[in-house]
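Each chain gets a letter, A, B and so on, in the order the sequences are listed, and its residues count up from 1. Reckoned from all heavy atoms, side chains included, excluding hydrogens, waters and symmetry mates. All values derive from a computational prediction rather than experimental measurement.
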There are 2 protein chains.
Amino acid sequence: MTGITIKDVALLAGVSAATASRVLSGHPATSPDARTKVAAAARDLDYRPNAQARALRSTRSDSIGLLVPDVRNPFFADLAHACEQAALTSGYVTLLGNANENEHQHDRYLGTLISRRVDGIIVAPLGDGEGGIRSLIARGIPTVFVDRTIDGLDIPSVTTDSATGIRQAVSHLASLGHTRIGYLSGPLSTSTGRDRIAAFTAALAESGFEQAPELVYYGDFQAASGAAGMRALLNNEDPPTAVLAADSLMAVGAIGLLNERGLVIGRDIALVAFDDIEFFALLNPALSVVSHSAAEMGRIAVDLLLEVIAGGSPESVVLPSELVIRASSSSPIRPLPLPFARRKKN
Amino acid sequence: MTGITIKDVALLAGVSAATASRVLSGHPATSPDARTKVAAAARDLDYRPNAQARALRSTRSDSIGLLVPDVRNPFFADLAHACEQAALTSGYVTLLGNANENEHQHDRYLGTLISRRVDGIIVAPLGDGEGGIRSLIARGIPTVFVDRTIDGLDIPSVTTDSATGIRQAVSHLASLGHTRIGYLSGPLSTSTGRDRIAAFTAALAESGFEQAPELVYYGDFQAASGAAGMRALLNNEDPPTAVLAADSLMAVGAIGLLNERGLVIGRDIALVAFDDIEFFALLNPALSVVSHSAAEMGRIAVDLLLEVIAGGSPESVVLPSELVIRASSSSPIRPLPLPFARRKKN
DNA sequence: CTCATCCGTGGAATCGATTCCACGAAATCG
DNA sequence: CGATTTCGTGGAATCGATTCCACGGATGAG
């Protein structure tokens, strides 16, 4: 169909395929005459090298794989965008895959990326590292973990130091008089889920509180579980006056539920979300967040991957997180009106 | 590095590479004995076929390209997600590219996708079809346009009938007493930009209004231009009492500016956005939108592309749009307080 | 002026999988 | 029972680009 090969270019330029190849890939041993003729021929024919053939021979594909849990999560959309832009400036194309927070699909995509012989893979790992991840490592394919890690695997990673931001958030809430702080946790099967709940527990202890088990709900980082979790927290006998959500989508679910119940955020209940996304600043009241930069994470992940591809073994990077106080958590404490607090499940 | 080829499998199974290939690709002319031995060998070696080599010989790559203007736009994130899931169920991997609303990057990505010999491309085209798009078509690569089209090119597409939803929005606003309705337009270089402003103008006429040129601002579908546009509209001598934004990001920018000015949406000014995104329902007040389904658009685009790849020439599909009324546009008209209306630019 | 060096070039091998072709064995038919 | 079809198989060609190797011509040094 497409038909235009390097032989056509060589023929038109009056040289051999070998010389044409050398000119096109910038090999120094070429004459100026050959260079101009081949360049002209390639332009005239609108020649595009066949990336497959090139990759087959040179064992490079000039592409990297990026596997994220969900592109629809704005944090990962930002991350994907940043990775892609950074990779592009280094001459790599990004093959974006979507695990859909689903381990089976995650492994299937990893297999596909291996098959396509990408030069390296940036992955936010899912699960315990038994499935596709193990194949990756066994093959020695350059790999970098992003956002999440897997215990016991010595793979360079870019993650966030959740603890600092969470400690700031808890002490901020405590300073406003909140003593019963609820937590919408991510799944313990992810490192971020585990890190953040551990940081939360530690922060409570620092502020002199004990963690009440009924004020922690374990969800799955998706919006629906944020709503379910907020409902569960409100159904407590003594509900929380402030809630911290472990990611943006769970916060979105929680906000939806609070609106539905007619509870006013920032007045009836304080809310802080992990992950900053543009929309949170637009809410009324604007949402306080623990912020960390997806864009920076993406850029650094690409840098690390390029180092690994080049044969190095870079140190892992831990990025900071920081509390951004907005209106959703700046009013003084005010107990929930009883009719809402004790409402039954719907 | 990876090293495991079909020859290794063949050797372990005690057959030739040709037979191994036949077994692995499900060719009927194989003996049960060969089948079991090759299957076992492939499993034991954790063999993954080299997609490059296969694609080179068979002229199929089992991959499609998807080029969107911006993954960070939730509409396109949803679209990408839907395309990817639909493609995956048909055995195709999706290579996602990001044009960044930038024609140069758009063309560069198209070139890359052509080089990688994807089996087909789904693209939200940018520009006038002169650059990369023309290469695509000249090569006869199966192509489907999504969301946007290019005049004069006979390529199957999936688009939205913006006119219906916009007409509903205008007549809804008119019924509330609004007579000065502002419009934050997308760029006229995109088909969606042109369609929507045309629909808006026509809808105004149907409601008996004339379009005031000072109430239309031409932006670029990005958040910053939404803010700039809203600022310009408010600086009018006789500012609009209602505003329609041509996409979600421009609406986001507009909302940010209104918050900054202390104007209350739904009370001081009515706002309706084109594109529904989950977050708009969470705003206080919730945002009225002209809704159309990114997920459906993505699924249909993949269906059309598969038809084109199979040699067919499917009809283009036009999806409906529909007004969803929420609080941002349901209060009766109330003129803007003057100090806000005449404020200077900052 | 001769011999060694360097440089640009083309031929040929190569990457890994698929597929055409031909061969031998088994199965089927008259 | 001989002739023919069917079937599984291996060898070899192929896809398109890269790269090793060898060759011839030009240049430089002695």
Rounded to whole angstroms, how far apart are CG on Asn50(B) and C1' on dG16(D)?
14 Å
Distance, nearest 0.5 Å, that separates CD1 of Ile64(B) from CD1 of Ile122(B)
4.0 Å
Stepwise, does the side-chain hydrogen bond (donor to acceptor under 3.5 Å, both in side chains) test hold for Glu84(B) with Tyr109(A)?
CA-CA 11 Å; Glu84(B) 203 227 12; Tyr109(A) 242 106; 2.9 Å; yes
Counting just side-chain N and O atoms, does Tyr47(B) come under 4.0 Å of either OP1 or OP2 of dG16(C)?
no
Suppose the criterion is side-chain hydrogen bond (donor to acceptor under 3.5 Å, both in side chains): which pairs have a residue in residues 295-310 of chain B, not counting sequence neighbours?
none
Length of the line joining Asp8(B):CG and dC15(C):P, which is rounded to integer Å:
12 Å
Is there a side-chain contact between Val146(B) and Val123(B) (heavy atoms, below 4.5 Å)?
no
Per the salt bridge (Lys or Arg N to Asp or Glu O under 4.0 Å) rule, what does the pair list look like for residues 62-74 of chain A, sequence neighbours excluded?
Arg60(A)-Asp62(A), Asp70(A)-Arg72(A)
Using whole Å, what does the distance between atom P of nucleotide dA17(D) and atom CD1 of Ile4(A) come to?
10 Å
Choosing from dT18(D), dG16(C), dT9(C), which nucleotide comes nearest the side chain of Ile6(A)?
dT18(D)
How would you label the contact of Ala20(B) with the nucleic acid (heavy atoms, under 4.0 Å): base, sugar-phosphate, or nothing?
nothing
Short side-chain N/O contact to dG8(D) OP1/OP2 from Ser31(B), under 4.0 Å
no
For Leu24(B) and dT18(C), what is the distance between atoms CG and C1' respectively, to the nearest whole Å?
12 Å
Under the side chain to side chain contact (heavy atoms under 4.5 Å, CB included) test, residues paired with Asp46(B) that sit two or more places apart
Ser135(A), Arg139(A), Arg48(B)
Euclidean distance, atom CG of residue Asp62(A) to atom P of dT18(D) [Å, nearest integer]:
10 Å
Side chain to side chain contact (heavy atoms under 4.5 Å, CB included) between Phe145(A) and Leu153(A), intermediate numbers included
CA-CA 10 Å; Phe145(A) 286 157; Leu153(A) 292 185; 4.3 Å; yes
Any donor-acceptor pair under 3.5 Å linking the side-chain atoms of Ser63(B) with those of Ser61(B)?
yes
Have a look at Ala34(A) and say if it touches a base, only the backbone sugar-phosphate, or nothing, with a 4.0 Å heavy-atom cut-off.
sugar-phosphate
Just compare dG10(C), dT19(C), dG10(D) and give me whichever is closest to any side-chain atom of Ser21(B).
dT19(C)
Measure from the side-chain heavy atoms of Ser16(B) and tell me the nearest of dG10(D), dT9(C), dG16(C).
dG10(D)
Starting at CG of Leu11(A) and ending at C1' of dG16(D), how long is that distance when rounded to a whole Å?
15 Å
Before you tell me yes or no, could you show the steps for Val23(A) and Lys37(A) under side chain to side chain contact (heavy atoms under 4.5 Å, CB included), namely the whole-Å CA-CA distance, both residues' side-chain angles and the distance that decides it to 0.1 Å?
CA-CA 10 Å; Val23(A) 170; Lys37(A) 283 193 299 186; over 6 Å; no
For the helix from dC1(C)-dG30(D) to dG30(C)-dC1(D), what angle separates the axis at the start from the axis at the finish, each from five pairs, in steps of 10°?
40°
What is the distance, to the nearest angstrom, from the CZ atom on Arg116(B) to the P atom on dA17(D)?
14 Å
Per Ala29(A) side chain, nearest of listed nucleotides dT9(D), dA17(D), dT9(C):
dT9(C)
One character per nucleotide, please: for nucleotides 20-25 of chain D, 5' to 3', B when the base has a protein heavy atom closer than 4.0 Å, S when only the sugar-phosphate does, - otherwise.
B-----
Quick note, salt bridge (Lys or Arg N to Asp or Glu O under 4.0 Å) partners involving residues 87-112 of chain B, not counting sequence neighbours, are Glu101(B)-Arg148(B)
In whole Å, I'd like the distance from the CZ atom of Arg54(B) to the C1' atom of dT19(C).
14 Å
